[in-house]
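Structure, as structure tokens:
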Amino acid sequence: MTSGIKLFDKEISPAVSHNLNIFKTKHGYHGIARFDSDVRRTVFMEKIGPSNQLVEFVFDKDFRIKSKIIKNITGKTQDFKFEDYRSFVYKEKTYYCVAYIDKHFNTYMGLLDSEYKFIGNIVTGSDYMMSFVNNKKVYWEKNWLFFEQSGDLYFVYSSNPNLVIYKCDNFQNLTFSKVVDKVNPFNHLLPQNELYFSSNTTTGGSTNPVYFKNLESYVYLIHTKIYHQRRYNHFLIGFDIDFNITFLNPFPLVSSAIEYGLMFVTSMLYEKDYVILSGGIEDNQNFVYKIPRNRVKIF
């Protein structure tokens with residue numbers, strides 16, 4: 001695959017798949033994506049059908065599909081709708097953080113193991129609530145970004161207005177405590193008319209932080225949203241090993257000006273000559289996007 005965007009075939013309606021997440025393997029790439037066998041069962045804040053399956057992809061080095069299989073999420077998954085997987089490695093094992101929605105429209109964060117078994121809910125003691133349709137108030141947690149540092153597991157809860165990071169206290173119980181809560185000094189660089197309307201975070205998390213020794217920073221993507229246009233802007237941001245924000249690029253790496261609506265990024269891989277992104281378009285299609293490294297600027 002040369003540089004540019006590659007779109008994968010849509011599912012046969014009414015099934016949908018999107019927000020592909022990938023990681024590199026010895027022979028190519030492994031990916032998983034959201035899957036709903038009948039999207040008609042779900043209308044935002046009105047009705048929801050349980051969805052405990054995902055699509056597993058195996059790609060060659062040029063992102064040709066070697067296999068594509070619908071897999072069940074095992075464990076205690078009854079009545080849950082799972083979405084937005086992000087892979088990470090902790091103690092040399094692969095896990096997936098995932099948002100899951102219950103029948104009352106509460107959205108929580110949990111973990112799957114490498115075989116897609118639901119391990120359980122991530123416990124922070126401070127789940128956030130928001131009001132939506134008809135002032136219905138629900139728990140609403142999404143898009144946490146996991147990374148490992150010196151053998152410890154962390155996740156970025158928020159990047160704006162504050163950098164908020166949690167650290168794992170007990171992995172068996174999936175308990176985490178807040179260890180960082182610092183004002184982001186670069187908030188003014190973001191487009192103020194695109195910030196999220198929630199009170200606890202004004203941007204969303206996109207990709208897990210990756211440490212770059214030459215930059216002495218963890219680098220990742222966050223996003224803002226232009227609601228009336230149904231488009232996102234994705235911005236590069238970084239923090240050092242002491243969790244001080246080192247930069248925020250005011251020019252989006254993936255701009256809302258791109259031709260695709262709802263282009264949402266969930267993974268970012270750095271290779272010798274390219275940066276590879278993956279995610280979803282229009283909530284119904286998966287993509288990978290190869291960008292030449294020299295186009296990825298850190299400010």
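Along the sequence shown, residues carry numbers from 1.
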Could you tell me whether the side chains of S51 and Y100 share a donor-acceptor contact shorter than 3.5 Å? no

Verify whether the ring centers belonging to F239 and F147 lie closer than 6.0 Å. yes

Rounded distance [0.5 Å steps], CG in L236 versus CD1 in I222: 9.5 Å

Between Y218 and Q149: side-chain donor-acceptor atoms closer than 3.5 Å: yes

Just by distance, do the side chain of N233 and the backbone of S256 share a donor-acceptor pair under 3.5 Å? yes

Decide yes or no on side chain to side chain donor-acceptor pair (under 3.5 Å) for E56 and Y116, but give the supporting numbers first. CA-CA 10 Å; E56 178 191 75; Y116 316 127; 2.6 Å; yes

Kindly compute the distance separating CG (N162) from CG (D181), expressed to the nearest 0.5 Å. 5.0 Å

Going through the checks in order, is the side-chain contact (heavy atoms from CB on, under 4.5 Å) test met by M263 and I5? CA-CA 11 Å; M263 188 171 186; I5 297 174; 3.7 Å; yes

Looking just at side-chain N and O atoms, do S159 and Y220 make a donor-acceptor pair shorter than 3.5 Å? yes

Under a 4.5 Å cut-off applied to non-hydrogen side-chain atoms, are Y211 and I241 in contact? yes

By ring pair (Phe, Tyr, Trp, His ring centres under 6.0 Å), which residues pair with F287, not counting sequence neighbours? none

Starting at CZ of F176, measure out to OG1 of T124 and round the result to the nearest 0.5 Å. 9.5 Å

List, by chain and then residue number, the residues other than I12 in its hydrophobic cluster (Ile/Leu/Val/Met/Phe/Trp/Tyr, side-chain heavy atoms under 4.5 Å); write none if there are no others. none

Whether the side chain of E259 engages the backbone of A257 through a donor-acceptor N/O pair (distance < 3.5 Å, no angle test) should be reported. no

For T25, all residues meeting side-chain contact (heavy atoms from CB on, under 4.5 Å), sequence neighbours excluded: F23, H30

Do side-chain atoms of S217 reach the backbone of V219 as a donor and acceptor pair under 3.5 angstrom? no

For the residue pair D113 and Y96, confirm or rule out a side-chain donor-acceptor distance under 3.5 Å. no

Are H234 and Y289 an aromatic pair, judged by ring center distance below 6.0 Å? no

Salt bridge (Lys or Arg N to Asp or Glu O under 4.0 Å) with D38: which residues, sequence neighbours excluded? R40

Determine whether Y108 and F80 satisfy the following criterion, ring pair (Phe, Tyr, Trp, His ring centres under 6.0 Å), listing intermediate values before the conclusion. CA-CA 10 Å; Y108 303 100; F80 292 154; 8.0 Å; no

What's the separation between atom CG in L248 and atom CG in L190, rounded to the nearest 0.5 Å? 5.0 Å

For E141 and Y157, test the side chains for any donor-to-acceptor distance below 3.5 angstrom and give the result as yes or no. yes

Flag if over 12 foreign heavy atoms under 6.0 Å of CD, Q229: yes

Verdict with supporting geometry, L7 and I281, side-chain contact (heavy atoms from CB on, under 4.5 Å): CA-CA 9 Å; L7 303 181; I281 290 172; 3.3 Å; yes

For D62, check salt bridge (Lys or Arg N to Asp or Glu O under 4.0 Å) against everything at least two apart and list the hits. R64

Do I165 and L163 pass the side-chain contact (heavy atoms from CB on, under 4.5 Å) test, and can you show the C-alpha distance, the side-chain angles, and the key distance before you say yes or no? CA-CA 7 Å; I165 295 177; L163 177 65; 4.1 Å; yes

For N244 and K182, test the side chains for any donor-to-acceptor distance below 3.5 angstrom and give the result as yes or no. yes

Mind checking what makes side chain to side chain donor-acceptor pair (under 3.5 Å) contact with N184, not counting sequence neighbours? none

Sorted by chain and residue number, the side-chain contact (heavy atoms from CB on, under 4.5 Å) partners of V98 (sequence neighbours excluded) come out as F82, Y85, L112

I would like to know whether F197 and Y227 meet ring pair (Phe, Tyr, Trp, His ring centres under 6.0 Å); could you show each step before the answer? CA-CA 10 Å; F197 55 81; Y227 285 89; 5.7 Å; yes

Scan side-chain atoms only and decide if T94 and S114 contain a donor-acceptor pair under the 3.5 Å cut-off. no

Nearest 0.5 Å, please: how far is OG in S126 from NZ in K178? 6.0 Å

Keeping N208 on the side-chain end and S87 on the backbone end, is there a donor-acceptor pair under 3.5 Å? yes

For T203 and N160, does a side-chain donor sit closer than 3.5 Å to a side-chain acceptor? yes

Axial cation check for F63 ring with K6, 6.0 Å and 45° limits: no

Just wondering, do V296 and I291 contact through their side chains at under 4.5 Å, heavy atoms? yes

Apply side-chain contact (heavy atoms from CB on, under 4.5 Å) to K68 and list each qualifying residue two or more places apart in sequence or on a separate chain. E11, V55, F57, I65

Within the supplied structure, the quantity of interest is the number of heavy atoms (other residues, nucleotides, ligands) at a distance under 6.0 Å from D9 CG; does it exceed 12? no

Should H223 and F264 be marked as a ring pair (Phe, Tyr, Trp, His ring centres under 6.0 Å) after you check the CA-CA gap, both sets of side-chain angles, and the distance that decides it? CA-CA 8 Å; H223 62 270; F264 187 74; 4.9 Å; yes

Contact between L269 and Y274 at the side-chain level, heavy atoms closer than 4.5 Å - yes or no? no

Partner set under side-chain contact (heavy atoms from CB on, under 4.5 Å) for L262, not counting sequence neighbours: K225, R230, Y232, E282, D283

Classify the ring geometry of W144 against F155: parallel below 30°, tilted from 30° to 60°, perpendicular beyond 60°. parallel

Residue pair S267, T207: steps toward the side chain to side chain donor-acceptor pair (under 3.5 Å) verdict: CA-CA 5 Å; S267 56; T207 66; over 6 Å; no

Residues in salt bridge (Lys or Arg N to Asp or Glu O under 4.0 Å) contact with E83, at least two apart in sequence or another chain: R34, K142

Would you call F8 and L20 a side-chain contact if the rule is heavy atoms closer than 4.5 Å? yes

Carboxylate-amine/guanidinium proximity below 4.0 Å for E271 and R293: no

Does atom CD of E115 have more than 12 heavy-atom neighbours from other groups under 6.0 Å away? no

Do we see a donor-acceptor contact under 3.5 Å between the side chains of T175 and D169? no

State, yes or no, whether a side-chain contact exists between T107 and Y139 at a heavy-atom distance under 4.5 Å. no

Tell me, please, which residues at least two apart from D240 pass salt bridge (Lys or Arg N to Asp or Glu O under 4.0 Å). none

Centroid separation under 6.0 Å, is that true for the rings of F146 and F88? yes

Contact check, side chains of V254 and P252, non-hydrogen atoms, under 4.5 Å: no

For N286, give me all partners under side chain to side chain donor-acceptor pair (under 3.5 Å), at least two apart in sequence or on another chain. S17

OG (S177) and OH (Y154) are apart, to the nearest 0.5 Å, by 11.5 Å

